[in-house]
Amino acid sequence: MIVAEVPLKVTLFGEHAVVYGEPALAMTISEKMVVRVRESDKTVISSPTLSVKGLKVSLNDLKVESEETNRILSYVIKALDYFGKKRDALIEIDSPVEPSVGLGTSAATIVGVVAAYSRFLGYELTKEEIAKISREVELSVQGLGSRMDTYTISLGGIMYFPRGAEGYERVKGDVKLVVGYVRRYSTTKDILRRVKGLKERNESLFKEIISTIGKVVDEAKKALEEGNEEKMGELMYINHGLLMSLGVTSPTVDNLVSTARLLGIKGCKMSGGGGGGAIICTKDVKSEILLNSIGAVVVSSEKSNEGVTIKEIS
Ligand SMILES: Nc1ncnc2c1ncn2[C@@H]1O[C@H](COP(=O)(O)OP(=O)(O)OP(=O)(O)O)[C@@H](O)[C@H]1O
Ligand SMILES: C[C@@](O)(CCO)CC(=O)[O-]
Ligand SMILES: [Mg+2]
C-alpha cells in the first residue's frame, strides 16, 4: 500500500489576482489529507467526506447515474486518467475537512492521488514533477486557475509566486494564525468564472484592483521577511477589502473581518476562492472566540514545511 500525506494550505495574500499574473503568498498548514492506494481487482474510489446530492442507481448492475458524482470526483478521475489508469487500485481519500472549504482541498486531492498512484505504478516522481502534473490536472478540471495551490501543497512551507505565470520561491519566516472555515455557497471553479465575468465587463477597473492586490503582496512579502506582524496584519485587512470589491467575499465573512478590526485583532481576511470558506486571522485569543462565535470550524494551522510525503507500507 502507498500512503501520501498531503498538507492543506492557506492563501496569505494574492488569491484571485495570482490567476491573472499578479504575485501571491501561500503557506501549508499542519492539517493533512491522507491518500492511500492499494492493489484491487477493480478501481474503487472511497472518500468518506464526500456527499452526493441526488443519486440514481440501477440495482441490477449497481450502475450509478449521477452528474453530481462525476462532478465531485472529477479531480480524482482526471488525476488517474493522467496515468492512463494502468492498474486497478483501491484509492482512499481521508480528508480532515469537508470538501470545498477554501483550504486547497481540490489541489490536495489531486496532489495526493498523483503522488500515491504514480508511486503505485512504480514511478519515482520528484515533488516538482508532482506539482507540475497536479497543476495540469487542476487546470483541466477547472478551466481556470493558477499554479499556487498545487505547487504550495506539493512543495510545502511559505511559497511566494512572483508576477507572471511561472516561477516560485520559498520564503523564510513564520506566520502565526488562527484559521477556520464556514460553509461556502459555491466552489472555487464557479467563483473563478464569476471573477472572469467581472474582468470581461470592466477590464480597466479589474486590472486596477488586481494590480493593487499585487502591490499588497509585495509589501506583505517584505513585512513577512522583516517579521513585522503589525504591517502584515494591516495588509490582510486591505487585501480583504480588495477581494470584497471583486465580489468573492460573503456577508458573514465581511462582518467577521470588520468585527476583528474593531476588536484590535492585528489582521484578518478571507483565504482561498471565497464565497464563504476559509478565514485567517493573526493569532490572538480573540480570533478563536470570534471564529467560534460564527460557527466556524477552526483547524490546526501551524506552518508545515514538508509538502507531500509518500510512504510504501507492505
Ligand atoms: N476528500 C475529497 N475527496 C474527493 N474529492 C475532493 C475531496 N475534497 C475536495 N475534493 C474535490 O475538490 C472540490 C472542491 O474544490 P474547491 O477548489 O472548490 O475547494 P478548495 O480547494 O477547498 O478551495 P480553494 O480552491 O478555494 O482553496 C470538491 O468539489 C471535490 O470535487
Ligand atoms: C482563487 C485562487 O487564487 C486560489 C484558490 O485557492 C485560484 C487559483 O489561484 O487557482
Ligand atoms: Mg481548490
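FYI, side chains are in, hydrogens and waters are out, and symmetry mates aren't considered; it's all heavy atoms of this structure. As the structure lists them, so they are numbered: ligands from 1, and atoms in each ligand from 1.
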Quick one, Ser271 with Lys269, criterion side chain to side chain donor-acceptor pair (under 3.5 Å). Give me CA distance, side-chain angles, the key distance, then yes/no.
CA-CA 6 Å; Ser271 179; Lys269 69 180 276 286; 4.7 Å; no
Evaluate side-chain contact (heavy atoms from CB on, under 4.5 Å) for Ser186 paired with Arg194, printing each intermediate quantity in order.
CA-CA 11 Å; Ser186 193; Arg194 274 206 284 287; 3.3 Å; yes
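Side chains of Ser30 and Ser300: a donor on one and an acceptor on the other come within 3.5 Å. In summary, the side chains of Thr188 and Gln142 do not present any donor paired with an acceptor at a separation below 3.5 Å, with no hydrogens or angles considered.
Taking any N or O of Met33, backbone or side chain, none lies under 3.5 Å from an N or O belonging to ligand 1. Note: an N/O pair closer than 3.5 Å links Ile72 and ligand 1 by distance alone. Taking distance alone, with nitrogen or oxygen atoms compared against 3.5 Å, Ser146 approaches ligand 2 more closely than that limit. Polar contact check, Ser100 against ligand 1: a nitrogen or oxygen pair lies under 3.5 Å apart. Inclusion of Asp149 in the set of residues having an N or O under 3.5 Å from an N or O of ligand 2 is warranted. Here's the thing with Leu73: none of its N/O atoms is less than 3.5 angstrom from an N/O atom of ligand 1.
Atoms of ligand 2 found under 4.0 Å from any heavy atom of Lys9, numbered from 1 in the order shown, are 6 (O). Close approach of ligand 2 to Glu15 (heavy-atom distance below 4.0 Å) involves ligand atoms 3 (O). Every atom of ligand 2 with a heavy atom of Gly145 under 4.0 Å away is listed here by number and element: 10 (O). Each of the atoms 3 (O), 4 (C), 9 (O) of ligand 2 lies under 4.0 Å from some heavy atom of Met148. Every atom of ligand 2 with a heavy atom of Val19 under 4.0 Å away is listed here by number and element: 3 (O), 7 (C), 8 (C), 9 (O).
Remark: distances from the non-hydrogen atoms of Gly273 to ligand 2 include one below 4.0 Å. Remark: distances from the non-hydrogen atoms of Gly102 to ligand 1 include one below 4.0 Å. For the ligand labelled ligand 1, residue Arg184 lies inside the 4.0 Å heavy-atom shell. Every heavy atom of Arg147 sits 4.0 Å or more from the atoms of ligand 2.
In this structure, OG on Ser134 lies 12.5 Å from OH on Tyr75, to the nearest 0.5 angstrom. Atoms CG and CD1, on Leu73 and Ile93 in that order, are 7.5 Å from each other to the nearest 0.5 Å.
Between Val113 and the choices Leu80, Val137, Ile45, Ile77, the side chain to side chain contact (heavy atoms under 4.5 Å, CB included) rule is met once, by Leu80.
Closest to atom 3 (O) of ligand 2 among all protein heavy atoms lies His16 N, 2.9 Å. Atom 2 (C) of ligand 1 has its closest protein heavy atom at Ser47 OG, 3.4 Å. The protein non-hydrogen atom at the shortest distance from atom 25 (O) of ligand 1 is Thr188 OG1, 3.2 Å.
Evaluated by nearest non-hydrogen atom to atom 17 (O) of ligand 1, the leading choice among Ser46, Pro96, Pro99, Ser106 is Ser106. With atom 10 (N) of ligand 1 as the reference point, the heavy atom nearest to it among Thr109, Ile77, Leu103 is part of Thr109. Distances from atom 9 (C) of ligand 1 to the heavy atoms of Ile153, Val248, Thr105 put Thr105 nearest.
Coordination check, Thr188 versus the Mg ion (ligand 3): failed, since every N/O/S atom of the residue sits at 2.8 Å or beyond.
Under the 30°/60° scheme for interplanar angles, the aromatic rings of Tyr168 and Tyr151 are found to be tilted.
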